[in-house]
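Because the structure is predicted, anything quoted here is derived from the model rather than measured. Numbering starts at 1 and runs along the sequence shown.
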Amino acid sequence: MIRYRAKRTCFTRAELYAVTPKKSRQATPVARRISLRVRVLLAVTAVLLVPLIIMLCIRSTPSVAEWWTRHIQAGWEKLVGTLTSWIPFSVFELFIAAAVIIVVYLFGRMIFALRARRFQTVIAGLLGVVIAIVYILDMYVLSMGFGYYRAAMPLPQAGRDYDKAQAIAAAEYFAADYNALSRELRRDENGCVVCPYSFSELADLIAAEYEKLDDDYFAAYTPTVKPVVNSFLLSDMLITGITFLPFGEATVNTLAPPSEIPATMAHELAHTKGVQREGDANLLSYYILLSSDNDYLRYCGYYTAYDSMPAAVRLHDDREEYERLYDAAPREARAERAFARKYWNSQPDFIGNVARFFNDIYLSLNGAINGTGSYNDGNISDVIISTDPDTGEQQREIYYSQTQKMMFAIYEARLRDR
């Protein structure tokens, strides 16, 4: 006979309490509270945004921009630039490399945090990135964001009333000097003039030319220009140089065609002297090179700006003289420029267009209505043709560009010094 244990159908009170789960005294929260770390990061973000908003609001007032550039920006540049000049490599380039590594690392961490549903960690990470960006923007606007809105740059200007004969005489003078220099300087296998100086020697020469500026519009301190180690990246983006004043640095693409490097150095140093508008920086770089007594610097100035002289004659509606003076430039220099065009055309169009797109936005946000077109602001000339109401004769009113008037002023100074 098989005996089975009977199934119990009732329990004691103690047994019931032992097997019945206790009801939680607290209801399950619907949403988690914001952690202390996230609240602190939000507060830091707000604190950093306040000075950024204030600076962006006041910098468009010309008097404020002028005072800030002469005092705050100049003081920052001297302090930070002195420190970073002791470092032989570009701090900005190192910063970019470190930023890329950190961004990749943080992106990986956030992916893991999302998979683990640690949303507070993700939010904290994103806020950390925002804080870093806002802080850099604070330093950028403080150190170079006001210069775009200051007064017009003072440079020698002449030739407002130059007639055609005077414009031709100036162009012929510069053409003769351009050819004489071209014959004296040595060229490499690509037909480019060989720089007779090392990178640091060339940077010192251009810095010495800047020391000759006696107007307090320009900052007194001139930092050391540094080469970019990974210059191929700049070439891919069609960039010849970068100035980043939060680190007090001007950097140059060393892979650019040789005769473009001095003009790039002079342009980037113009930014460090408080000249932020791109057209002004180009104009100042032309002046620094063309007014120099150094043959190599002056040649590179002609290489960059000589075409403005035949163009000045073209304003007088004399195409024959324009073509004669244009062809008066050294043939070797024209071949050198063809090599430069070939070099830049060999760079990836997509990367260059992307870089130009963002640079256009950047310049537009800094008051340049025409964006990257502002690089050419100093080269704008015009002709207004009107009819005399009394005689019915047509009158031709010439408006030379800033570059042309600056070159006329250099021409007059050279004649006085003879």
Self-check item: Gap between atom OG1 of Thr304 and atom OH of Tyr299 - 0.5 Å precision
Solution: 9.5 Å
Exercise. Sorted by first residue and then second, give each salt bridge (charged side-chain N to carboxylate O under 4.0 Å, His left out) pair with at least one member in residues 239-267; sequence neighbours left out.
Key: Lys226-Glu249
Self-check item: Beyond-backbone contact of Ile242 with Val252, side-chain heavy atoms, under 4.5 angstrom
Solution: no
Quiz item: Would a distance-only check, ignoring hydrogens and angles, find a side-chain to backbone donor-acceptor pair under 3.5 Å from Glu211 to Ala208?
Solution: no
Quiz item: Salt bridge or not for Arg277 and Asp377, using N-O below 4.0 Å?
Solution: no
Quiz item: Distance only, no hydrogens: is a donor on one side chain within 3.5 Å (strictly under) of an acceptor on the other, for Asn379 and Thr403?
Solution: yes
Practice problem: Could you note down all residue pairs passing ring-ring contact (aromatic ring centres under 6.0 Å, His included) where residues 200-228 supplies at least one of them, sequence neighbours left out? | Solution: none
Quiz item: Less than 4.5 Å apart, any side-chain heavy atom of Leu297 and any of Ile206?
Solution: yes
Exercise. Dump the intermediate steps for side chain to side chain donor-acceptor pair (under 3.5 Å) on Asn294 and Tyr197, then the final yes or no.
Key: CA-CA 12 Å; Asn294 182 281; Tyr197 310 103; 2.8 Å; yes
Quiz item: Between Glu209 and Ser292, is any side-chain donor less than 3.5 angstrom from a side-chain acceptor?
Solution: yes
Quiz prompt | Candidates Leu41, Val40, Val122 - the one meeting side-chain contact (heavy atoms from CB on, under 4.5 Å) with Leu127 | solution = Leu41
Quiz item: Under a 4.5 Å cut-off applied to non-hydrogen side-chain atoms, are Ile72 and Trp67 in contact?
Solution: yes
Practice problem: Report the C-alpha distance between Tyr322 and Glu320 in whole Å, list the side-chain angles of each, state the deciding distance to 0.1 Å, and finish with yes or no for side chain to side chain donor-acceptor pair (under 3.5 Å). | Solution: CA-CA 5 Å; Tyr322 162 74; Glu320 184 177 343; over 6 Å; no
Quiz item: Any ion pair linking Arg414 and Asp417 (charged N to carboxylate O, less than 4.0 Å)?
Solution: no
Practice problem: Could you tell me which residues satisfy salt bridge (Lys or Arg N to Asp or Glu O under 4.0 Å) with Glu93, sequence neighbours excluded, listed by chain and number? | Solution: none
Quiz item: Do other residues, nucleotides or ligands put more than 12 heavy atoms under 6.0 Å from Phe112 CZ?
Solution: no
Quiz item: Hey, is the main chain of Asn370 close enough, under 3.5 Å, to the side chain of Ser374 for a donor-acceptor pair?
Solution: no
Quiz item: What pair of heavy atoms forms the shortest contact from Leu315 to Tyr399, and how long is it?
Solution: CD1-O, 4.3 Å
Quiz item: How close do Leu325 and Glu172 get, heavy atom to heavy atom, and via which atoms?
Solution: CD2-CG, 3.7 Å
Quiz item: What is the distance from atom CG of Leu126 to atom CD1 of Ile131, rounded to the nearest 0.5 Å?
Solution: 11.0 Å
Quiz item: Can you name the residues that form a ring pair (Phe, Tyr, Trp, His ring centres under 6.0 Å) with Tyr173, not counting sequence neighbours?
Solution: Tyr411
Quiz item: Hey, mind stepping through Tyr306 and Phe174 against ring-ring contact (aromatic ring centres under 6.0 Å, His included) and telling me if it holds?
Solution: CA-CA 8 Å; Tyr306 171 76; Phe174 287 125; 7.8 Å; no
Exercise. Enumerate the residue pairs fulfilling salt bridge (charged side-chain N to carboxylate O under 4.0 Å, His left out) with a member in residues 38-60, sequence neighbours excluded, ordered by first and then second residue.
Key: none
Self-check item: Tyr343, OH atom: more than 12 neighbouring heavy atoms under 6.0 Å
Solution: yes
Self-check item: Heavy-atom side-chain proximity of Leu181 to Tyr296 below 4.5 angstrom
Solution: no
Self-check item: Nearest non-hydrogen partners of Asp236 and Pro348, listed with the distance
Solution: OD1-CD, 3.7 Å
Self-check item: Trace of the side chain to side chain donor-acceptor pair (under 3.5 Å) decision for Ser182 with Arg187
Solution: CA-CA 9 Å; Ser182 180; Arg187 296 181 180 273; 2.8 Å; yes
Practice problem: Say whether, by atom type as modelled, one donor and one acceptor occur between the side chain of Glu336 and the main chain of Val193 under 3.5 angstrom. | Solution: yes
Quiz item: When you look at OH of Tyr135, are more than 12 heavy atoms from neighbouring residues, nucleotides or ligands closer to it than 6.0 Å?
Solution: no
Quiz item: What are the two closest non-hydrogen atoms of Ser231 and Leu255, and how far apart are they?
Solution: CB-CG, 3.8 Å
Quiz item: Who are the salt bridge (Lys or Arg N to Asp or Glu O under 4.0 Å) partners of Glu412, not counting sequence neighbours?
Solution: none
Self-check item: salt bridge (charged side-chain N to carboxylate O under 4.0 Å, His left out) partners of residues 362-373, not counting sequence neighbours, each pair once
Solution: none
Quiz prompt | Between Arg356 and Asn359: side-chain donor-acceptor atoms closer than 3.5 Å | solution = no
Quiz prompt | For Thr272 against Ala250, the heavy-atom pair lying closest together | solution = CG2-CB, 4.1 Å
Quiz item: How many angstroms lie between atom CZ of Phe232 and atom CE of Met237, to the nearest 0.5 angstrom?
Solution: 9.5 Å
Quiz item: Closest heavy-atom contact between Pro154 and Asp215?
Solution: CG-OD2, 3.6 Å
Quiz item: Which pairs with one or both residues in residues 265-275 pass salt bridge (charged side-chain N to carboxylate O under 4.0 Å, His left out), sequence neighbours excluded?
Solution: none
Exercise. With sequence neighbours excluded, tell me which residues meet salt bridge (Lys or Arg N to Asp or Glu O under 4.0 Å) with Arg115.
Key: none
Practice problem: Side-chain contact test, heavy atoms from C-beta onward, threshold under 4.5 Å: evaluate it for Asp188 versus Phe339 and give yes or no. | Solution: no
Quiz prompt | Partner residues of Tyr303 under the ring pair (Phe, Tyr, Trp, His ring centres under 6.0 Å) criterion, sequence neighbours left out | solution = none
Quiz item: Hey, what's the ring geometry for Tyr148 with Tyr362, parallel, tilted or perpendicular (30° and 60° as the breaks)?
Solution: perpendicular
Quiz item: Under the salt bridge (charged side-chain N to carboxylate O under 4.0 Å, His left out) criterion, do Arg337 and Asp307 qualify, and how do the steps go?
Solution: CA-CA 12 Å; Arg337 295 179 72 173; Asp307 287 354; 2.9 Å; yes
Self-check item: Close side-chain approach of Asn253 to Thr264, heavy-atom, < 4.5 Å
Solution: no
Practice problem: Working to the nearest 0.5 Å, report the span between CG of Asp138 and OG of Ser143. | Solution: 10.5 Å
Self-check item: Other residues, nucleotides, ligands: >12 heavy atoms within 6.0 Å of Ile369 CD1
Solution: no
Self-check item: Pairs flagged by ring-ring contact (aromatic ring centres under 6.0 Å, His included) wherever residues 237-286 is involved - sequence neighbours left out
Solution: Phe92-Phe244, Phe95-Phe247, Phe244-Phe247, His267-His271
Quiz item: Is the closest side-chain heavy-atom distance between Phe146 and Ile58 below 4.5 Å?
Solution: yes
Exercise. Would you tell me whether Tyr375 and Asn282 have side-chain atoms, one donor and one acceptor, within less than 3.5 Å of each other?
Key: no
Exercise. With side chain to side chain donor-acceptor pair (under 3.5 Å) as the test, would you mind laying out the steps for Ser308 and Tyr400 before giving the verdict?
Key: CA-CA 10 Å; Ser308 292; Tyr400 294 111; over 6 Å; no
Quiz prompt | Any side-chain heavy-atom pair of Ser381 and Gln404 under 4.5 Å | solution = yes
Quiz item: Listed by chain and number, what are the salt bridge (Lys or Arg N to Asp or Glu O under 4.0 Å) partners of Arg396, not counting sequence neighbours?
Solution: none
